[in-house]
A.B. asks: 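After the structure tokens below, expect a handful of questions from me.
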There are 2 protein chains.
Amino acid sequence: MARASDSAYARLRSEILSWHLEPGTVLAEVELSSRLGISRTPVREALARLVADGLAEPQGGRGLVVTAVSVENVTELFELRQALEQQAAALAASRRDVAVFRALQDELREVPALLATADPSKQAYYDLVARFDDAVDAAVQNPFLVGALNGVRIHLARMRRLSHDNPARLLEAAREHLLIVDAIVDGDVRLAADATRVHLYRSLQSTLGSLRSETTLTPAAQSSVDEPAAAQPAAAQPAAAEPATAEPATAEPATAQSITESAEQKDVPAR
Amino acid sequence: MARASDSAYARLRSEILSWHLEPGTVLAEVELSSRLGISRTPVREALARLVADGLAEPQGGRGLVVTAVSVENVTELFELRQALEQQAAALAASRRDVAVFRALQDELREVPALLATADPSKQAYYDLVARFDDAVDAAVQNPFLVGALNGVRIHLARMRRLSHDNPARLLEAAREHLLIVDAIVDGDVRLAADATRVHLYRSLQSTLGSLRSETTLTPAAQSSVDEPAAAQPAAAQPAAAEPATAEPATAEPATAQSITESAEQKDVPAR
DNA sequence: GATTCAATCTGTGTATACATTGATTGAACT
DNA sequence: AGTTCAATCAATGTATACACAGATTGAATC
């Protein structure tokens with residue numbers, strides 16, 4: 001039988017990533033222990049792991065809340081993601097098992113046909129991307145790097161619910177992935193890193209564009225959940241002069257508002 | 001009053017980083033609770049945080065042990081560190097507060113005089129490097145990236161005890177740091193990243209060289225602590241063909257043996 | 001009627017008792 | 001003498017009880 005703390009962690013994490021538990025939701029030990037049918041001890045352990053993942057954070061020194069997600073968070077996360085995935089792609093290109101990535105080439109070339117099928121969830125496509133990630137993880141053979149990548153992917157999974165990828169974007173992304181895999185098969189370290197950078201740049205642009213259109217559509221639903229002042233006093237410095245060289249993955253200044261699922265506006269405690 | 005779990009975590013982490021608790025040491029809850037004078041509950045919380053940090057890991061599904069440190073770990077950690085610090089330096093160059101890094105320029109130029117003093121611990125030098133790290137963290141303004149960097153620094157602190165920096169290397173490192181700071185002051189994103197890569201490459205080479213000489217001197221002391229088979233079945237793939245382009249931060253294949261402080265060979269349980 | 005102080009109460013932090021699982025040791029049988 | 005099975009033991013996993021701190025609500029006073 002699995003441990004109660006593991007089950008609780010998996011369930012809470014799933015509920016946070018699926019936006020069933022929205023940002024700002026209070027994670028009270030007693031309430032969770034009764035809801036999950038276990039005692040407070042394993043609940044505490046699960047909550048500690050969520051805090052370590054960055055999915056929950058202390059709320060004013062008393063109690064935990066689900067961490068917020070903002071447009072700024074997306075940009076920040078992509079700055080970290082870019083660093084990690086460029087390095088991972090470069091290392092994969094130098095240490096890969098060629099057969100594995102040749103198979104991925106074949107699969108990625110079939111994506112247009114795969115997306116032509118009537119599966120609205122595009123599950124097959126996302127499974128293929130997950131297999132690509134797994135292949136890269138196995139190729140880099142670096143527990144530290146893979147661990148950092150997994151930490152990023154947790155937050156990516158949560159942010160994915162913010163923007164809805166359109167089919168055209170998925171086709172583009174598949175071609176970008178294919179170029180990365182080509183570079184890895186060829187053992188071209190530089191191209192693998194650069195193609196990864198291109199892919200992430202376009203992916204971020206698509207995500208931000210999707211976010212901008214959605215938040216513009218439902219501007220009133222925001223302020224009901226957000227706190228007036230941001231928890232982290234980040235945006236103090238006015239974005240100093242940025243030379244037009246190899247610029248980091250930044251975009252034009254976006255709204256600092258937190259984002260919640262616009263459709264299902266559940267009863268979030270007033271905190 | 002501070003929480004018992006926080007005190008326990010800080011103390012255990014300190015003891016692991018200082019090699020007072022060597023790799024492979026069993027972290028038993030009852031023994032720690034009696035040694036630290038607290039109950040098992042806060043001890044469990046502290047141990048969970050150590051596992052999240054990568055300083056402890058499950059031992060065969062029952063009990064926790066302090067994680068091992070090997071030469072391979074050093075190389076792997078630097079692969080992650082390179083990705084993170086290059087990105088951090090690039091972002092710092094585009095968002096920095098110029099005054100802060102001008103002050104660091106002045107301090108770094110005084111390092112030769114600072115190292116000429118008779119302080120054997122070089123504490124003033126390491127404090128300056130810590131201030132540099134803090135300035136970069138503040139400049140990048142990215143909680144995700146800073147969090148990942150802090151995770152790396154924990155392991156770096158532990159590995160620092162493996163190799164002893166000689167004064168000549170410290171002087172070089174200070175000049176390399178100064179170049180990075182110059183680039184940040186100038187807002188030169190590309191130079192900041194490249195100078196960081198240079199610094200880390202030379203730092204890794206120095207560390208590996210120091211390790212090689214030390215492990216060669218005391219080859220017999222190794223096998224008494226190491227387990228015969230490595231915990232992670234990593235080194236299966238025979239290091240595929242690596243084109244001579246922008247190579248990742250790898251070195252010639254080093255010994256896969258775990259490393260322990262050669263001098264103080266304490267009573268490590270036989271596990 | 002508003003403000004302040006106190007009491008209660010809710011929720012986290014800690015301790016301890018109980019349960020369960022895996023290991024180890026001893027004896028018995030082959 | 002070796003092997004196997006069983007029993008005991010030790011350590012983790014879980015539950016619960018207790019302590020304490022902060023917040024909220026009520027009443028009393030100005």
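Just so it is clear, the structure is predicted and the values come from calculations on it, not from any experiment. When reading the values below, keep in mind they use all heavy atoms of this one structure, side chains included, and skip hydrogens, waters and symmetry mates. Quick note on labels: first sequence line is chain A, next is B, and so on, each numbered from 1.
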A.B. asks: Tell me the interatomic distance from Y9(B), atom OH, to dG13(C), atom C1', rounded to whole angstroms.
C.D. replies: 19 Å
A.B. asks: Go through E79(B) and R95(A) one step at a time and tell me if the salt bridge (charged side-chain N to carboxylate O under 4.0 Å, His left out) criterion holds.
C.D. replies: CA-CA 13 Å; E79(B) 286 172 358; R95(A) 301 173 185 170; 2.3 Å; yes
A.B. asks: Would you sort out whether R13(A) and S18(A) count as a side-chain hydrogen bond (donor to acceptor under 3.5 Å, both in side chains), showing the intermediate values?
C.D. replies: CA-CA 8 Å; R13(A) 197 181 81 154; S18(A) 67; over 6 Å; no
A.B. asks: To the closest 0.5 Å, what do you measure between CZ (R44(B)) and CD (E45(A))?
C.D. replies: 5.0 Å
A.B. asks: Salt-bridge test for R11(A) and D6(A): reply yes if a basic N is under 4.0 Å from a carboxylate O, no otherwise.
C.D. replies: no
A.B. asks: Does a side-chain N-to-carboxylate-O contact under 4.0 Å join D137(A) and R153(A)?
C.D. replies: yes
A.B. asks: Please determine whether a side-chain nitrogen of the Lys or Arg among R81(B) and E76(B) lies less than 4.0 Å from a carboxylate oxygen of the Asp or Glu.
C.D. replies: no
A.B. asks: Do V136(A) and V146(A) make a side-chain contact, defined as non-hydrogen atoms from C-beta onward lying under 4.5 Å apart?
C.D. replies: no
A.B. asks: So which atom in L104(A) and which in A135(A) form the shortest heavy-atom distance, rounded to 0.1 Å?
C.D. replies: CD1-CB, 3.6 Å
A.B. asks: List the protein contact pattern of nucleotides 5-11 of chain D with one symbol per nucleotide (5' to 3'): B for base contact, S for sugar-phosphate-only contact, - for none; contact means a heavy-atom distance under 4.0 Å.
C.D. replies: -----BB
A.B. asks: Give me the residues of residues 36-51 of chain B where at least one heavy atom lies under 4.0 Å from an atom of DNA chain C, by number, or none.
C.D. replies: I38(B), S39(B), R40(B), T41(B), P42(B)
